[in-house]
Amino acid sequence: MSSEGGLMEDLDDVMVERRRLIALAYRLLGTLEEAEDAVQETYLRWYRLTEDERAAVANPQGWLTRVASRVCLDVLKSARVRREQYVGPWLPEPVPSDLLALPGRRSAAGAPHELADPADRVTLDDTISSALMVVLDAMTPAERVAFVLHDVFELPFADIATVVGRTPAAVRQLATSARRKVSAQRQELAPTPEHDAVVRAFGAAATGGDLGALAVLLDPAVALRSDGGGVVSAARNPVFGPDKVARFMLGVLAKRPTWRLAERPTGDGLGLVYAEGASVHGVINLRVAGGRITDVWIVVNPAKLAAWRA
């Protein structure tokens, strides 16, 4: 076989991993643009290898996963500085519920999952919620990598240790700490039917301009965060309290009378978008607990809305 033919066959084998790697990188980095950049860098490193070096890789899927994770870890370590320069609150990029569902649940290590105790792994569905991404974003880089690689992508602790530069025992502790945080927020969340009912009531009250009906749906400690990235108008600081949050929501629609609120499925359950015809100008995800809305996350930064415009 010619070297060109071998390269094309090799390319086919590796490119089938692209969607899974983007799903991994998004969970680690929080935006599709950064995820795609990380995956591109991963492929560049693969094709910088010689043919003999690539042939010596027994498990290309595992190699790609580990390299992509290292690239993402480096990005995460520099994220704090970039976030300090970001205009207003930074929120993870919201994505449609099925956009980054995992294509299969096979371990990236190519073998059955190592865990005997189900308590050592959080049961997660394949969707990605804003509630989960916000929790992940509050973790340390090593903690986030350990959790995502182990609990979501089923890598053994020994493999993750080579990514984060720690012992397998230390990685297990990182994953355990992260798991507690994720489990705590999941236990507080309303079941999907309750969440969706509250979101529908919220959308109806906001559309109808009913301040009282809107405020009663909000938890006394509700917080609204709006991410415009300094590109479009958004609240530069979080908004707290039912009255202020309700007035903010009504104010947005009053200033933009051509916008309407439309329901869309998200990883959190039902969400809302600011729609104008076929255009989407913003995505609203809500955290519902105890029958009321505790968090409102609004992303209007155009750079984080590409998936909703497609």
Side-chain angles (χ1 to χ4, degrees), residues 88-89 91-99 127-131 133-134 188-229 231-310:
L91 291 174
E93 179 175 350
V95 295
S97 59
D98 60 349
L99 181 66
T127 58
I128 305 172
S129 70
S130 291
M133 294 302 294
V134 168
E188 296 173 356
L189 296 179
T192 299
E194 179 184 343
H195 174 279
D196 292 356
V198 172
V199 172
R200 287 193 177 98
F202 179 90
T207 299
D210 192 332
L211 180 65
L214 197 56
V216 79
L217 295 168
L218 303 173
D219 187 85
V222 65
L224 179 150
R225 290 172 174 82
S226 179
D227 180 344
V231 179
V232 297
S233 178
R236 296 292 182 93
N237 297 297
V239 179
F240 297 104
D243 185 68
K244 290 182 178 179
V245 169
R247 291 182 184 279
F248 180 92
M249 291 300 305
L250 296 184
V252 171
L253 294 175
K255 292 176 182 177
R256 299 168 178 84
T258 59
W259 288 12
R260 62 183 177 86
L261 288 177
E263 297 177 359
R264 294 289 187 276
T266 74
D268 296 273
L270 199 64
L272 301 167
V273 300
Y274 289 123
E276 185 179 29
S279 300
V280 171
H281 295 287
V283 177
I284 305 169
N285 278 310
L286 306 170
R287 186 177 187 271
V288 179
R292 293 187 177 181
I293 296 165
T294 61
D295 291 277
V296 181
W297 300 299
I298 304 176
V299 174
V300 290
N301 182 349
K304 295 182 179 180
L305 298 176
W308 300 88
R309 298 195 182 105

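Heavy atoms only: backbone and side chains are in, while hydrogens, waters and symmetry mates are out.
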Write down the atom of [X], the atom of [Y], and the distance for their closest heavy-atom approach.
| X | Y | answer |
| --- | --- | --- |
| L261 | A206 | CD1-CB, 3.6 Å |
| E263 | R200 | OE2-CG, 3.3 Å |
| V198 | L217 | O-CD1, 4.3 Å |
| A213 | V216 | O-CG1, 3.2 Å |
| L250 | A205 | CD2-O, 4.2 Å |
| P94 | N285 | CB-ND2, 3.7 Å |

Counting only heavy atoms not in R236 (residues, nucleotides, ligands), do more than 12 fall under 6.0 Å from its CZ? no
Within a strict 4.5 Å, meaning less than it, do heavy atoms of the [X] and [Y] side chains meet?
| X | Y | result |
| --- | --- | --- |
| R256 | S233 | yes |
| P302 | V231 | yes |
| L305 | V299 | yes |
| N301 | V232 | no |
| D295 | R225 | yes |

Is D268 paired with R287 through a side-chain N to carboxylate O contact shorter than 4.0 Å? no
Value rounded to 0.5 Å, distance of [atom1] in [X] from [atom2] in [Y]:
| X | Y | atom1 | atom2 | result |
| --- | --- | --- | --- | --- |
| H195 | I293 | NE2 | CD1 | 8.0 Å |
| L218 | M249 | CG | CE | 9.0 Å |
| K255 | L253 | NZ | CG | 11.5 Å |
| W297 | S129 | CH2 | OG | 7.5 Å |
| S226 | F248 | OG | CZ | 4.5 Å |

Short side-chain to backbone donor-acceptor contact, K304 and G229, under 3.5 Å: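 Side chain of K304 to backbone of G229, a donor-acceptor pair under 3.5 Å: no, none is there.
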If you measure only the distance, is there a donor-acceptor pair under 3.5 Å linking the side chains of D219 and T294?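 Looking only at side-chain atoms, T294 and D219 do not form any donor-acceptor pair under 3.5 Å.
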Go through I298 and V300 one step at a time and tell me if the side-chain contact (heavy atoms from CB on, under 4.5 Å) criterion holds. CA-CA 6 Å; I298 304 176; V300 290; 4.0 Å; yes
With F202 as partner, the option from L286, T207, L270 fulfilling side-chain contact (heavy atoms from CB on, under 4.5 Å) is L286
Evaluate the ring planes of Y274 and W259, with Trp represented by its six-membered ring, and classify them as parallel (under 30°), tilted (30 to 60°) or perpendicular (over 60°). tilted
